[in-house]
There are 2 protein chains.
Amino acid sequence: MASPRPGPNLSKIATSLGVSVATVSNALSGKGRVSGQLVERIREHAAELGYVPSQAGRALRTGRSGVLGLVLPDIANPLFPKIAQAIEFAASAAGYGVLIADSRGDVATQTEAINRLIERGVDGMVVIPRRATRISSAACPVAVIDTPSTPGNTVAADHWQGGQAIAEHLAGLGHRRILIIGNNQESNVQNDRAGGIRSGMRPDMHSETLWIERLEQNIGSGCPLGLAEKVRQGFTAFAALSDLQALRALTELQQAGITVPADVSVTGFDDLIWSPVVTPSLTTVRMDMDRIAGIAVSALVDTIRRNSIREGMLVTAETERVAMQLIVRQSSGPANPAPKTSEMENM
Amino acid sequence: MASPRPGPNLSKIATSLGVSVATVSNALSGKGRVSGQLVERIREHAAELGYVPSQAGRALRTGRSGVLGLVLPDIANPLFPKIAQAIEFAASAAGYGVLIADSRGDVATQTEAINRLIERGVDGMVVIPRRATRISSAACPVAVIDTPSTPGNTVAADHWQGGQAIAEHLAGLGHRRILIIGNNQESNVQNDRAGGIRSGMRPDMHSETLWIERLEQNIGSGCPLGLAEKVRQGFTAFAALSDLQALRALTELQQAGITVPADVSVTGFDDLIWSPVVTPSLTTVRMDMDRIAGIAVSALVDTIRRNSIREGMLVTAETERVAMQLIVRQSSGPANPAPKTSEMENM
DNA sequence: GCGTTTTGATTAATCGTTTAATCAGGCTTA
DNA sequence: TAAGCCTGATTAAACGATTAATCAAAACGC
C-alpha cells in the first residue's frame, strides 16, 4: 500500500528522453561525462516536469540525509527564536534541513534527544548546551555553541568582550558601584559575561554580584531582589547578564519608585524582543547570531564533506569568538550622585 | 565513497541468526507470521546489537519520511519556544521528527519555506500562519493552528473565550473603562481576543481599542502609547492582547509614575516567559499549547496513516477549540475610582 | 593504418527496508 | 487417504538515487 511518490523520478525522465538513468543523474549533478547539449536537454526536461529528487533514495545510496540536528536543552531560552532562525537560514543556504530536538529543559533527557536525532540519521548536530553540561561526542560531527572559554566550544559570541563593553559604557557615564545580576552561577555564558564586566571596570570601581537562582532557593520563586536596598547602599548601575533579568530589575525598581535612568541605570544582554519596546528601552549587548550560526554550520558541513567515515567528533572553526555589539538605549544614563531613595533615607 | 552506515542492519541480524531478512523485519515490526520464540530471539539479538532501523531505507520503501514540517512565518513570535517544544513533543511521541522552516517574517517567502519542506519529503506540516494569510493547500496534509474563527483552521486556543475571561475578571474587580491594546488589527488571533473581551463586558462597561502598529506608522517605531493620558480620561484597566504589549504598557505606566495595580490594572495574553518575574507579575491568559499541539499532530498523523495517496489537504480535528486559562497575578486589582494622575490633573 | 587515448554513454550493483508471492510441511476433515 | 487449510518461514521484487565498471565509437599519435 506504499504510496507511489508523486511526480517524476530519474527513470521517468530517462525513458521519456530515451537515455539511461545514469546519464540523467550525471547530467543533473554535473558529475559524470555527458555532452553539453544532452545536459541541457535533460535539465530542461527535468525542470518542465518539475522533477524533485527523492531525499530518501539519495540518502539511502549516499548514507547522507542532508539534515542537521539542532539541540537546545534549554528550549525555554528566549533566544531560541533567533537561534533557530539563524541556524535554519545557514543550513538552508548550505542545502541542509534542520531537525529540532528538545529535552524540555531536562539535562537528563538531553542524551535521549540527541539519540532521537541520531536515529533519524542527521549528518551532524549543532548543540547549544545547557549550563555547564559537556557534550559527550555523539555518533556524528557536533558543533557546540556556548562560550569561547568552554572546552570543546566551536564558536560563540565573545561574552567576555560584551561584558567589557557594558563596563566601559557604565564607567563612561560615571558609575562607580555596579550590581551584576545573574541567574545561575554555573552558566558558562553568564560567568563569562560577569567576568567581562569586572575586567572592564576601572580601578576605582566596585561591583557585587547577585545570583537570582540562589536567592530564590532561599526565599522562594519570584521573590523581590531587594534592589531598592541596593540603591540605598549606593549602587547606581544594575548590569543584568540577560535582558530577562534586566527586565525583572527594571520593573522592580520602577515599582519601588526609582526612576530609570534618572536615578539608576539598568543594562542587559541579548537584545531580546522586548528590549526596544519597554519604557525606558533597554541598553543591551547583542550577539551576531547570524554570523555565529553561519560559522557553526559551515564548520559542520565542512567536516561532514571531509569525513567519508561517519564518526563522532567536535568540530572546530577558524573564528572562535564573535564580537558583541553594544546597543545604547534609554535605560542607561549619567550616574546620579544622590538618587531619590538616598534622599528618602534621609527623611 | 559512500560511508557505509555504521551499526547493524537487517541482513546482519538475519545472517547472524541464520534466518532471512524478511523474517527479521516481520519479527521486529510484528507484522508477518513469525513464531513467538523466534520473535523473541530476534528482538533480543537486535537489541543487544544495538540495531537502529535506517530511516532512509524505510522511507524509500514506504514513501513516508516519518518527518513533519513546522512552519512559523512569524518566527519572532515570542510564543515560538513553547510552540516548537509542544509540537516536537507531540510529534516525537507519535514517532515523527520535526523539521523547521522559517521565512524570516516575510509572508512572500512563506511558500518558499513550505516548498523546502516538501522537497525534503515531509509527510505533513503544521502551519501557524502569519496574520491573515491563507494557506494554499500544499502537496501534503496540512494542519493549521490559528483561531477557531479562521476558515480552514484545524485546532487553536479559544482566544474569544480567553478574552471573555479577562473581561469578566476585570468586571469583577470593578473596572468599567477598559483600554484594549493590540498590535495589528489584521491578526485573526488579536481580533478574536479583542472581540472576546468586548463580548465579556457588562452593559455598563466601555472599551476603546488601541492598535500599536497603526500608531507607530504615524508617530514612529517605539513611540509612547500615551497611556497616562488614557488614565486621565478615566480608563482604569489596560487589557493587552499579548504579554509583549502588556509589558510595554506596564513599563510605560510605571515610568509615568502610575502604580500598578493600585492605580490601574494591566492584563496580557499568553503567559510569556517574563510574565511571572516582572514587578508586578502579570495577570494573563495561558493557552494549553501541549494539548493544541497534541490535537494538531494526531489529526495530522491520522490523515497521513489513512491516506495512502499523498495529497494536499487541510486536516480537521474533532476538538477545534481549546479553552484558555486565566492566570491571576499581581498586575490586576480592584478599580481605583480616583487614580493618582487624576489627582495630579487637579493640581 | 594500427594501436592508444578520450569521449559519451550504458550496465549493473548497491544502499536497507518492506511486503506480496511462494513454498514446504503439519493438521484437519470428509 | 487424498484434498484442502493453516502455519512459519523464505524468495524476490520493489522504492529512487548514485557510481564504479564497462563499452562502443570517435579522435589521435606516429
Side-chain angles (χ1 to χ4, degrees), chain A residues 1-42 46 49-66 95 119-121 123 305 308-310, chain B residues 1-42 46 49-66 95 119-121 123 305 308-310:
Chain A
M1 217 59 54
S3 46
R5 221 178 72 102
N9 50 20
L10 281 192
S11 70
K12 201 157 296 175
I13 299 178
T15 58
S16 155
L17 282 176
V19 295
S20 73
V21 279
T23 303
V24 177
S25 173
N26 283 330
L28 293 178
S29 67
K31 280 197 173 171
R33 288 189 297 218
V34 191
S35 68
Q37 9 173 352
L38 190 49
V39 165
E40 196 167 343
R41 231 164 33 105
I42 291 175
L49 252 58
Y51 168 71
V52 174
S54 154
Q55 291 292 330
R58 178 177 290 169
L60 181 55
R61 176 61 226 247
T62 62
R64 300 255 159 84
S65 61
E119 284 177 21
R120 297 228 162 262
D123 294 337
R305 295 232 172 91
S308 59
I309 300 146
R310 178 200 291 260
Chain B
M1 216 58 56
S3 46
R5 222 179 72 103
N9 49 18
L10 282 191
S11 71
K12 203 158 294 174
I13 299 178
T15 59
S16 155
L17 282 175
V19 296
S20 72
V21 278
T23 303
V24 177
S25 173
N26 284 330
L28 293 178
S29 66
K31 280 198 174 170
R33 287 189 301 218
V34 191
S35 69
Q37 8 172 354
L38 189 48
V39 166
E40 196 167 345
R41 237 174 16 114
I42 289 175
L49 252 56
Y51 168 71
V52 174
S54 154
Q55 291 290 331
R58 178 175 291 169
L60 181 55
R61 176 61 227 246
T62 63
R64 301 255 159 84
S65 61
E119 285 177 21
R120 297 227 160 262
D123 295 337
R305 294 231 173 90
S308 58
I309 299 147
R310 176 199 294 260

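Chain identifiers are assigned alphabetically (A, B, ...) following the order of the sequence lines, protein sequences preceding nucleic acid strands; residue numbering begins at 1 within each chain.
In this structure a side-chain-to-backbone donor-acceptor pair under 3.5 Å is present from B:D123 to B:S65. Looking only at distances, a side-chain donor or acceptor of B:R120 sits under 3.5 Å from a matching main-chain atom of A:G66. Distance alone, capped at 3.5 Å, is enough to place a donor-acceptor pair between the B:T62 side chain and the B:R58 backbone.
Under 4.0 angstrom from either OP1 or OP2 of D:dT18 there lies no side-chain N or O belonging to A:T62. Within the structure, a side-chain polar atom (N or O) of A:S25 is placed less than 4.0 Å from OP1 or OP2 of D:dT18. Look at A:R58 and you won't find any side-chain N or O under 4.0 angstrom from OP1 or OP2 of D:dG16. Under 4.0 angstrom from either OP1 or OP2 of D:dT10 there lies at least one side-chain N or O belonging to B:S20. Contact between the side-chain N/O atoms of B:K31 and the OP1/OP2 oxygens of C:dT18 is not found at any separation under 4.0 Å.
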Name the pairs: protein N/O against N/O of nucleotides 12-14 of chain D, kept only if under 3.5 Å.
none

Which atoms of nucleotides 4-8 of chain C (N or O only) lie under 3.5 Å from a protein N or O atom, and what are those distances?
from, atom 1, to, atom 2, distance (Å)
C:dG8, N7, A:R33, NE, 3.2
C:dG8, O6, A:R33, NH2, 3.1

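Between the P atom of D:dA17 and the CG atom of A:N26 lies a distance of 13 Å, rounded to the nearest Å. Distance CG (B:L10) to P (C:dT14): 18 Å, rounded to an integer number of Å. Look at CZ on B:R64: it is 13 Å from C1' on C:dT18, rounded to the nearest Å. Atom C1' of nucleotide C:dA9 and atom CZ of A:R41 are separated by 13 Å, given to the nearest angstrom. As rounded to whole Å, 15 Å separates atom C1' of C:dT19 from atom CG of B:L28. Atom CG of A:L60 is separated from atom P of D:dT18 by 12 Å (rounded to the nearest Å).
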Solution key, residues 32-39 of chain A side-chain donor-acceptor pairs under 3.5 Å, sequence neighbours excluded:
none

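Under the rule for a side-chain hydrogen bond (donor to acceptor under 3.5 Å, both in side chains), A:S29 has no partner lying at least two apart in sequence or in another chain. Considering only residues two or more places apart in sequence or on other chains, A:A46 meets the side chain to side chain contact (heavy atoms under 4.5 Å, CB included) condition with A:I13, A:L28, A:Y51. With sequence neighbours left out, the side chain to side chain contact (heavy atoms under 4.5 Å, CB included) criterion links B:S16 to B:H45. The side chain to side chain contact (heavy atoms under 4.5 Å, CB included) search around A:T15 returns none, not counting sequence neighbours. With sequence neighbours left out, A:A56 forms a side chain to side chain contact (heavy atoms under 4.5 Å, CB included) with A:S54, B:A59, B:L60.
If one axis is set at each end of the helix from C:dG1-D:dC30 to C:dA30-D:dT1 from five pairs, those axes are 50° apart, to 10°.
Scanning both residues, B:S20 and B:A14, for their nearest heavy atoms gives C-CB, 3.7 Å.
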